[in-house]
Number of protein chains: 2
Amino acid sequence: MARLRDMALRHAVLAALVHGEASGYELAKRFELGVANFWHAKPQQVYAELTRLREAGLVDGREVIQESRPNKRMFSITDDGLAMLDEFAASPTPLPVGRDDLMVAVQAIDVVGARSVLAGIDRRVDLAEQKLAALRELEQQILGERDEATFVRTTRHLGPYLTCRRGIRFQEEALEWCHWVRGVVDTWQQHGRAVPRP
Amino acid sequence: MARLRDMALRHAVLAALVHGEASGYELAKRFELGVANFWHAKPQQVYAELTRLREAGLVDGREVIQESRPNKRMFSITDDGLAMLDEFAASPTPLPVGRDDLMVAVQAIDVVGARSVLAGIDRRVDLAEQKLAALRELEQQILGERDEATFVRTTRHLGPYLTCRRGIRFQEEALEWCHWVRGVVDTWQQHGRAVPRP
DNA sequence: ATGTACATGTAATCGGTTACATGATTGC
DNA sequence: GCAATCATGTAACCGATTACATGTACAT
């Protein structure tokens, strides 16, 4: 059982496996296209991490031979993996640091020409709406016919719903801010921005 | 004038300089403690980036000799730097990827014991409230006596207000979600979570 | 024929973090 | 006397991204 340093992705992969086994390909997809809305990683990184986790005995991996498709490996979390997740969940987590290129452009709107920045805002609106649609679909999958109150009283799998709600609220908030920015910048531009009259 | 690759911090530092010169120390502080709420970096990284930017001719740096303190360097953006920011603002920016350790713990709440996760939520509430207080102070500094409508019609420096508002809204949303989680998890625990009755 | 989905990686590089170093001054 | 603030870095490391590689099957 090899040793592992304190890698960030490790716990995210373990968390993605708590509700049953999955193939590397499935996990890679989930982590790339944000269906796993609680973390993000490229496929190569996921495959590498799975290999390391298996060497460390934190996941089991079994080969599945397929006829009309390439073979695949199915992974599931071990007791050691669960123990590690437990330890992780009990340790304090820092505030995530925000890094968003669009915010840099917005910060500089006074000197870079508002037109470029507003174009960036519009692109962001599109992307956020796509993401939001995907998350709402996921929410529907989770809830099924049930309303929230019923779901919460009856489910065994609350975690995915909580993180999904976080993703939805985050994107909704981002969209509201984008629309607010459009309005404010329009007003600002109509009043001699660079040369306010005395 | 040395060449620079496409580093992420570069544009953020340039954006932080658009409203006048600043010392490396001032910039390092702003980037570390999130007063620059649109980006984040450690002091060492900021100093290194400033050196590179000066070699590339994107910022000017002048030495200021001080008596009762160590000497410092004051940096200001050049025309080349402004041109680079302009180009950056016109290029498309991707959706920022979310990576938050607390979300990983929440995702796994079904297996790791809700107590640890709720403790993490409480710590997050504290941190978010501190950050929120700092951002609201910054907002007051920006607005002064003016209300938003008046400010927008008269200011030349809209950018910092827009990003500050984003930071405030983000933290407010995070706090609301945390409180919602507390309530939902309490309900969930009161109804035989692991063994729902038939 | 052409492209998308399945399925899994290696190698090089980059951007960010951690650890460590230095030394004076101001306030408790 | 002791900690915090001012002021600036170097070196080593780690985690994430980018570019590249391989081959089958199914749908248009």
Side-chain angles (χ1 to χ4, degrees), chain A residues 3-13 21-36 39-55 59 61-75 93-101 104, chain B residues 3-13 21-36 39-55 59 61-75 93-101 104:
Chain A
R3 281 207 208 118
L4 286 185
R5 290 160 191 268
D6 213 19
M7 291 167 231
L9 178 58
R10 184 173 66 192
H11 309 106
V13 171
E21 70 174 1
S23 73
Y25 188 77
E26 281 168 344
L27 288 171
K29 284 249 133 172
R30 280 205 254 163
F31 274 90
E32 182 161 39
L33 291 169
V35 182
W39 202 264
H40 179 274
K42 298 271 140 102
Q44 302 95 312
Q45 210 186 339
V46 175
Y47 284 117
E49 196 59 44
L50 284 168
T51 302
R52 268 180 255 129
L53 285 169
R54 195 172 56 169
E55 280 164 12
V59 305
R62 61 183 184 90
E63 184 95 356
V64 174
I65 283 90
Q66 302 187 118
E67 293 150 28
S68 62
R69 281 155 196 285
N71 296 342
K72 63 180 175 183
R73 287 193 290 154
M74 298 294 290
F75 296 92
T93 58
L95 259 196
V97 294
R99 285 195 183 101
D100 184 344
D101 282 341
V104 177
Chain B
R3 280 206 211 121
L4 286 184
R5 288 160 192 271
D6 213 18
M7 292 168 231
L9 178 59
R10 184 172 69 192
H11 308 106
V13 171
E21 71 172 3
S23 72
Y25 187 77
E26 280 168 344
L27 289 170
K29 283 250 133 174
R30 280 205 255 164
F31 274 90
E32 182 161 39
L33 291 169
V35 183
W39 202 264
H40 179 273
K42 299 269 139 102
Q44 302 96 312
Q45 211 185 340
V46 174
Y47 284 118
E49 195 60 42
L50 284 167
T51 302
R52 269 180 254 129
L53 285 168
R54 194 170 57 168
E55 280 164 11
V59 305
R62 62 184 183 88
E63 184 93 355
V64 174
I65 284 89
Q66 300 186 119
E67 292 150 27
S68 60
R69 281 156 195 285
N71 296 341
K72 63 179 174 182
R73 287 193 291 155
M74 298 294 290
F75 297 93
T93 57
L95 260 197
V97 294
R99 285 197 184 101
D100 184 344
D101 282 340
V104 177

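These figures come from a predicted structure and were not determined experimentally. Numbers restart at 1 for each chain; the letters A, B, ... are given by sequence-line order, proteins then strands.
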Send over the distance from [X] [atom1] to [N] [atom2], rounded to a whole Å.
X	N	atom1	atom2	result
A:Phe31	C:dT8	CZ	P	15 Å
B:Glu32	D:dA4	CD	P	15 Å
A:Lys72	D:dA25	NZ	P	16 Å
A:Leu50	D:dG15	CG	P	16 Å
A:Gln45	C:dG9	CD	C1'	14 Å
A:Tyr25	D:dT24	OH	C1'	13 Å
A:Asn71	D:dT24	CG	C1'	11 Å
B:Leu9	C:dC14	CG	C1'	13 Å

Ignoring backbone atoms, establish whether [X] has a side-chain N or O less than 4.0 Å from OP1 or OP2 of [N].
X	N	result
A:Lys29	C:dC6	yes
B:Arg73	D:dC6	no
A:Gln44	C:dG9	no
A:Arg69	D:dG23	no
A:Tyr47	C:dT8	yes
B:Ser68	C:dA24	no
B:Arg52	C:dC14	no

Exercise: identify the closest heavy-atom pair between [X] and [Y]:
X	Y	answer
B:Leu50	B:Val59	O-CG2, 4.2 Å
B:Ala28	B:Tyr47	CB-CE1, 4.3 Å
B:Ala12	B:Trp39	CB-CG, 3.6 Å

Quick one: on DNA chain D, does B:Pro43 or A:Ala41 contact a more 5' nucleotide (nearest heavy atom)? B:Pro43

Relative to the 5' end of DNA chain D, which residue comes earlier, B:Gly24 or B:Arg99, by the nucleotide with the nearest heavy atom? B:Gly24

Given the rule in the side-chain contact (heavy atoms from CB on, under 4.5 Å) test, do B:Asn71 and B:Glu63 qualify, once you have shown the distances and angles that lead to the verdict? CA-CA 7 Å; B:Asn71 296 341; B:Glu63 184 93 355; 3.7 Å; yes

Side chain of [X]: nearest nucleotide among [options]?
X	options	answer
B:Lys42	D:dA25, D:dT18, C:dT17	C:dT17
A:His40	C:dT8, D:dT17, C:dG16	D:dT17
B:Pro70	C:dC6, D:dT5, C:dG23	C:dG23

Is there a donor-acceptor contact under 3.5 Å from the side chain of B:Arg99 to the main chain of A:His40? yes

